[in-house]
Number of protein chains: 2
Amino acid sequence: MSKAYLDRGVSPTKDDVHSAIEKVDAGVFPGAFCKLVPDLGGDADYASVLHADGAGTKSLVAYLDYRENDRADAFEGIAQDSTVMNVDDLVCVGITDSFLLSNTIGRNAHRIDARVLEAIISGYERFAERMRPYGIDIVTAGGETADVGDLVQTVIVDSTVYARVARADVVDCSHIRAGDAIVAFASYGRARYEDAENSGMGSNGLTAARHVMLHADYGKRYPETFSNTIEASHVYGGPHHLEDPMPDSSLTVGQALLSPTRTYAPIVREVLEKHRDAVHGLIHCTGGGQAKCLSFGRDVRYVKRELLPVPPLFRAIAETGAVDTREMFQVFNMGSRLEVYCAPAAADAIAEVARRYGVEARVVGEVLPTTRAGKNELVITHEGRELEFGR
Amino acid sequence: MSKAYLDRGVSPTKDDVHSAIEKVDAGVFPGAFCKLVPDLGGDADYASVLHADGAGTKSLVAYLDYRENDRADAFEGIAQDSTVMNVDDLVCVGITDSFLLSNTIGRNAHRIDARVLEAIISGYERFAERMRPYGIDIVTAGGETADVGDLVQTVIVDSTVYARVARADVVDCSHIRAGDAIVAFASYGRARYEDAENSGMGSNGLTAARHVMLHADYGKRYPETFSNTIEASHVYGGPHHLEDPMPDSSLTVGQALLSPTRTYAPIVREVLEKHRDAVHGLIHCTGGGQAKCLSFGRDVRYVKRELLPVPPLFRAIAETGAVDTREMFQVFNMGSRLEVYCAPAAADAIAEVARRYGVEARVVGEVLPTTRAGKNELVITHEGRELEFGR
């Protein structure tokens with residue numbers, strides 16, 4: 001692993017986290033993308049899921065924008081980030097209808113005022129409204145704003161989502177098998193349900209992305225936006241200011257970094273309505289990036305030969321930070337944040353559903369048997385080179 | 001409000017938070033202690049609640065203990081804090097049987113290692129096990145550990161709890177009325193289901209408590225445990241080290257500050273089984289302390305004439321920090337973290353339930369009509385003085 005990431009106190013593989021939770025029960029569908037537990041109402045035909053995630057350090061880009069330009073509305077997108085990081089994980093177990101969302105904000109009240117809180121809270125409500133016409137009901141159940149300035153230097157924006165699902169409807173990644181096609185949905189461009197170009201950025205990798213892309217000015221002016229455990233040479237070492245144009249894009253660098261995490265819920269909802277039987281697994285490529293799939297399925301070799309094009313932001317991060325290509329694929333989605341593992345006969349029709357929502361999609365590879373029993377493998381073909389990953 | 005609290009970036013009244021959420025729908029029981037929403041399963045006889053809270057800055061006391069003494073197990077109690085801050089809020093709407101808990105840890109991976117994560121995660125499991133014999137089923141649904149060192153200097157420990165409740169069983173604080181007795185359950189001592197003396201400390205007020213009680217040595221050695229937005233004179237200005245004995249207590253100062261938040265769930269469960277019809281409201285005295293009640297009920301005057309004795313830790317915080325008495329009652333529970341508002345005829349029997357669990361309890365006051373229409377009032381008699389609070 002290159003120093004670009006680990007030296008900033010972020011572990012893309014989270015090995016120590018996995019070791020800390022390995023004794024915890026894996027739930028009723030141990031191979032599924034999220035932990036499912038028995039239904040709290042006691043209905044044996046249903047399972048429940050209570051899932052936590054957040055916007056991570058993306059809130060710091062909004063904070064810089066807020067402080068530099070006195071605009072709190074950058075935080076509205078952070079609420080979308082926090083929601084989608086959860087909802088799209090649940091989409092991957094086949095839940096696309098009803099979600100109950102609770103939000104947790106931890107702030108330093110000396111730096112984060114009511115305007116920011118209002119922007120975040122209204123951001124949750126607006127994203128929920130935007131999804132309603134697509135049959136996706138996100139109910140905001142309240143939340144907690146904690147004044148924890150001794151813990152949080154600026155603001156952390158997390159949420160937790162509850163949902164229930166008929167066990168017969170659960171998409172369980174343990175059904176991914178040799179012979180499956182891999183259909184990838186683009187993270188970039190502009191979906192029918194979005195109102196601006198999306199850079200493809202989700203809500204992971206923002207620690208590396210910020211420090212690689214943004215100028216040392218920000219570190220000097222806002223020392224509250226980085227940990228003093230990071231070696232000085234890794235802090236805000238980039239050439240860019242937020243308002244710089246991003247090459248090959250209609251966005252500025254700031255807009256590209258802040259681009260709200262795209263949801264795939266409307267698309268997956270329709271895919272499951274029309275092609276449920278053909279879908280064997282759904283993977284949300286967040287932390288772990290294009291290598292996320294390695295944690296799912298059994299004794300398979302994931303072959304991704306023709307990934308969607310890498311969008312400008314990720315190319316810029318790789319070039320500007322001289323970040324190793326392998327690491328880029330392990331940290332960032334690199335152009336696709338949702339993958340459908342399916343029967344090959346249905347693959348083109350599934351891609352077509354996404355394209356009707358304005359989201360580029362295609363078959364990017366296939367699943368083969370592993371070459372090493374007991375281990376999953378992944379090979380990505382990128383610019384003519386084969387990159388091997390395994391665990 | 002005294003400078004002891006506000007100057008450390010913590011608002012006990014959270015006025016700006018209330019203004020930020022005032023447009024958000026209040027749910028199906030707007031006067032209840034927690035927001036209840038329609039049941040996700042669509043059962044009109046039930047309501048759901050998804051509730052978020054956490055251990056707040058109490059994790060910093062565990063962090064100091066961990067760094068000074070190389071013991072990660074202090075973090076086990078932090079998981080109990082995070083759980084009880086949620087569960088006992090839900091107890092106040094009448095839910096005492098089944099809870100689904102998801103945990104969120106945000107850490108700086110340079111400072112917080114797998115040992116700490118393991119202690120926190122096993123802390124959640126152990127507290128759930130401890131509650132099971134009392135008919136309280138806390139199912140751990142998984143969680144998220146985020147490496148967010150640029151946001152969180154050490155570690156933040158939050159959780160979110162989902163539960164459902166028959167609408168007919170909801171305890172709704174809007175039923176608190178003039179004529180009710182106030183029964184208070186002690187936060188100190190040792191309950192039958194605890195294995196050590198409890199100082200009475202919950203998981204709020206720890207920013208003030210730490211800085212007032214603990215010695216400047218900690219600020220010098222662990223600058224990562226306070227915000228640089230706090231004026232230097234308010235940082236770790238106390239006389240104590242963690243291992244100092246707490247007067248009138250079997251605990252050290254460190255143990256007293258870290259004393260895990262007591263749950264009242266086993267007691268309230270039995271109270272509701274035996275005296276449901278007499279219970280009009282339940283208040284969890286967390287942020288807001290003894291003045292928390294002001295936010296509930298309508299046109300009432302809360303009269304607390306004979307509160308339980310103030311335990312040693314809160315006396316020490318008041319004396320050491322020269323904290324104003326009014327502020328102490330608005331920030332800390334001061335000896336009781338759960339109040340039952342009930343028909344006077346049942347009050348003694350309700351107190352007796354708590355005493356059978358080893359928790360001191362008694363009638364501490366009553367509810368009168370307000371003297372100012374449209375406003376609630378509170379008067380606390382303390383050492384012969386009457387302290388008036390209103391909103």
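Order of the sequence lines sets the chain letters (A, B, ...), proteins ahead of strands, with each chain counted from 1.
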Winner by heavy-atom pair count (cut-off under 4.5 Å) against chain B, out of A/Thr104, A/Asp158, A/Leu100: A/Leu100
Side chain, backbone, both or neither: which part of B/Arg115 has a non-hydrogen atom closer than 4.5 Å to chain A? neither
So, A/Asn108 versus B/Ser227: side-chain donor-acceptor pair below 3.5 Å or not? yes
Once you round to the nearest 0.5 Å, how far does OH of A/Tyr162 lie from OG of B/Ser102? 12.5 Å
Where on B/Glu125 is there a heavy atom nearer than 4.5 Å to chain A: the side chain, the backbone, both, or neither? side chain
Smallest separation among heavy atoms of B/Thr140 and A/Lys35, with atom names: O-NZ, 3.0 Å
Using the ring-ring contact (aromatic ring centres under 6.0 Å, His included) criterion, which residues pair with B/His51? Sequence neighbours excluded. none
Side chain, backbone, both or neither of B/Asp43 within contact of chain A (heavy atoms, under 4.5 Å): neither
Chain A heavy atoms under 4.5 Å from B/Val37: which part of the residue, side chain, backbone, both or neither? side chain
Structural part of A/Thr57 lying under 4.5 Å from a heavy atom of chain B: both
Heavy-atom pairs under 4.5 Å with chain B - which of A/Thr154, A/Asp53, A/Asp39 has more of them than the others? A/Asp53
Please flag which part of B/Leu101 lies under 4.5 Å from any non-hydrogen atom of chain A: side chain, backbone, both or neither. backbone
CG-NZ distance between A/Leu151 and B/Lys58, expressed to the nearest 0.5 angstrom: 13.5 Å
Could you look at B/Ser59 and say if it's the side chain, the backbone, both or neither that has a heavy atom under 4.5 Å from chain A? side chain
Separation between CZ (A/Arg164) and CZ (B/Arg164), nearest 0.5 Å, reads 6.5 Å
After noting the C-alpha distance and the side-chain angles of A/Arg111 and B/Thr229, does the key distance pass the side-chain contact (heavy atoms from CB on, under 4.5 Å) rule? CA-CA 8 Å; A/Arg111 293 195 177 105; B/Thr229 58; 3.3 Å; yes
Report, as yes or no, whether the 6.0 Å neighbourhood of atom CZ on A/Arg221 holds more than 12 heavy atoms from other residues, nucleotides or ligands. yes
Selection from A/Leu40, A/Leu36, A/Val155, A/Ile120 maximising heavy-atom pairs under 4.5 Å formed with chain B: A/Leu40
Report the option among B/Ala163, B/Pro223, B/Ser159, B/Ala114 that has the most heavy-atom pairs separated by less than 4.5 Å from atoms of chain A. B/Ala114
Could you grab the distance from atom OG1 of A/Thr207 to atom CG of B/Asp150, nearest 0.5 Å is fine? 5.0 Å
Heavy-atom cut-off 4.5 Å, strictly under: side chain, backbone, both or neither for B/Thr160 against chain A? both
Is it the case that atom CZ in B/Phe29 sees more than 12 heavy atoms from other parts of the structure closer than 6.0 Å? yes
Residues in side-chain contact (heavy atoms from CB on, under 4.5 Å) contact with B/Ala146, at least two apart in sequence or another chain: B/Glu144, B/Val148
